[in-house]
Amino acid sequence: MTSNNTNFLLGLTTGIALCSAAFTVYAATVINNVVKDNNNFQTITATAAISSTAINDSTPSPETLERLSSMFAINSDKLNQIVRHFVSEMKKGLNSDKSGLLMIPSHVVNLPNGKEHGSFLALDLGGTNFRVCEVLLDGHSGARVRQSKHTVTDEQKALPGDQLFDFFAQCVTNFLIEGLASPITNPLAEIAKRHWRLGFTFSFATNQVAIAEGYLILWNKGFSNSGVIGANVVQLLEAALKRAGLASITVTALVNDTTGTLVSHAYVQPSTRVGVILGTGTNCAYVEKIENITKYKNVDPNVKEMLVNTEWGAFDDEQVIVPRNKYDVNVDRSMNGMGKYTFEKLISGMYLGEIVRFVLVDLVKTGEIFSAGASPELKMPHSFETAFMSRIERDHTLDLSDTRTVLENMLKISRTTLADRRLVKSLCELVGKRSARLSAAGIAAVVTKMNKLDGCTVGIDGSLFELYPHYSNRMRDALREILGLSAEYIVLEQARDGSGQGAALIAALAEK
Ligand code: ADP
Ligand code: MG
């Protein structure tokens, strides 16, 4: 722990150009405290009561930085403990539905060989966006995609379920009409002449009983539409398509974005065995030997492997292994599904900015930042977007001028000092780094469980992984701390359009 934390502290001190001997001595004291207290929540609360102010206008208070670092840093020992617990939760989940991770069998039993061909529709409900795609698989590992993208608003996330699905059907109607060669008087009749096969990427915990049949277990990512939990989401979609006059569309595959990502990345990179999402939410799917999925009955003797959706966002909902601080608890309490998907709430795009916001509001109260006080904007839930963190972490100007733009122009804080901006940047680094390290712990657990430490590719989709600076390097550092030399054989690759192309491929594989 000590060496890891020291590295972290060195990084932090360099980042804020603060190298005084006094700080180093102070840092050493705090490390000792952290060792003793093992990131304990009560201890953190007690420490938080210590108020401290910036040394001057350009240097944040070392005490504040130390306190925050003790709350958010996760050392190598802890990562290793998390990995061990993760593997045991995976095993429990494969054995029974009652404990551990959900480990949902996907019914996808083949990976593509590149020869899949045909035209498919794909729908993708992620968490932030809803996309409609037409995917043309050319039979030579190539695909062409036409798509439309729609934002799902907070209001839509709370509509009665039927109305949410009617919105999807409306988007499909518009998409197919736009795709017609020329405007015609009765476009729906024209569309109905063709039989369409559709892969539906529905990225929520679903009890999948067949390739095109699945029952929603619970919502996350801010969705709360009534009448969907416990229902077959394929049936809900087909009913809405029918209401919209699109009965010629058959939903032939229900896909999780993780399995879609795995399959679509395997289409271009055959060594892919794991698919990960790091976007609004986070989750992972991997290839498991069928004999290890002991809860899965009625196995076809020809089936050797199946993709399993771990639903790792709900890892450690019992809160026994991953350290959480009072800000994490605040975020959990303020969102739908309190106590659920608590691992996801430490990692994914929907929550990181909100964690930072809770910390900032608290630091204003203790007088440690923004002497002019918090703005109404900063006090508003979700006003601090995760994309702001990316922007701030990418700000390498001497006076952190882009960070100033975010804080003063976008969040309307009336005045910030350089010390304030440095503190915000360090805070983003702490929260962003913790996210990357925890997701790396998940990957380390999955490759350990698969016995694939000799090498495999992990396809990763989602805006957080794609756009957050240093994310992949931070994951890689954590993988090295956990797996040692074996980490070099685990390749992390950006996967593109897993949810569109992947859904089409799974629809194609379902016909084999
Ligand atoms: P979905 O999860 O709906 O499939 P994405 O993968 O695009 O969609 O993820 C969207 C999430 O990514 C947003 O909720 C936001 O939190 C996060 N995000 C968007 N832009 C950025 C960015 N520049 N840096 C980090 N995170 C981002
Ligand atoms: Mg997505």
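Remember, predicted model here, so these are calculated numbers, not experimental data. Atoms within a ligand are numbered from 1 in the order they appear, just like the ligands themselves. Residue numbers start at 1 and run along the sequence shown.
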Item to check | Sidechain N-carboxylate O distance under 4.0 Å for E305, R273 | outcome: no
Checklist entry - Got a salt bridge between E354 and K345, using NZ or NE/NH1/NH2 to carboxylate O under 4.0 Å? => result no
Next on the checklist: Which residue is it: F223, F165, F168? I am looking for the one with a ring-ring contact (aromatic ring centres under 6.0 Å, His included) to F130.
Outcome noted: F168
Give every pair formed by an N or O atom of ligand 1 and a protein N or O atom closer than 3.5 Å, one pair per line with both atom names and the distance to 0.1 Å, or write none.
| residue | atom | partner | partner atom | Å |
| --- | --- | --- | --- | --- |
| ligand 1 | 2 (O) | T280 | N | 2.9 |
| ligand 1 | 2 (O) | T280 | OG1 | 2.7 |
| ligand 1 | 3 (O) | G127 | N | 3.0 |
| ligand 1 | 3 (O) | T128 | N | 2.9 |
| ligand 1 | 3 (O) | N129 | N | 3.4 |
| ligand 1 | 3 (O) | T280 | OG1 | 3.3 |
| ligand 1 | 6 (O) | S463 | N | 3.0 |
| ligand 1 | 7 (O) | S463 | OG | 2.5 |
| ligand 1 | 9 (O) | T280 | N | 3.3 |
| ligand 1 | 14 (O) | T128 | OG1 | 3.2 |
| ligand 1 | 16 (O) | G349 | O | 2.9 |
| ligand 1 | 24 (N) | S390 | OG | 2.5 |

Item to check | Q147: partners by side chain to side chain donor-acceptor pair (under 3.5 Å), with sequence neighbours left out | outcome: R131
Item to check | E385: side-chain contact (heavy atoms from CB on, under 4.5 Å) partners, not counting sequence neighbours | outcome: A387, F388
Checklist entry - Does T206 have any side-chain contact (heavy atoms from CB on, under 4.5 Å) partners at least two apart in sequence or in another chain, and if so, which? => result F202, L216, L254
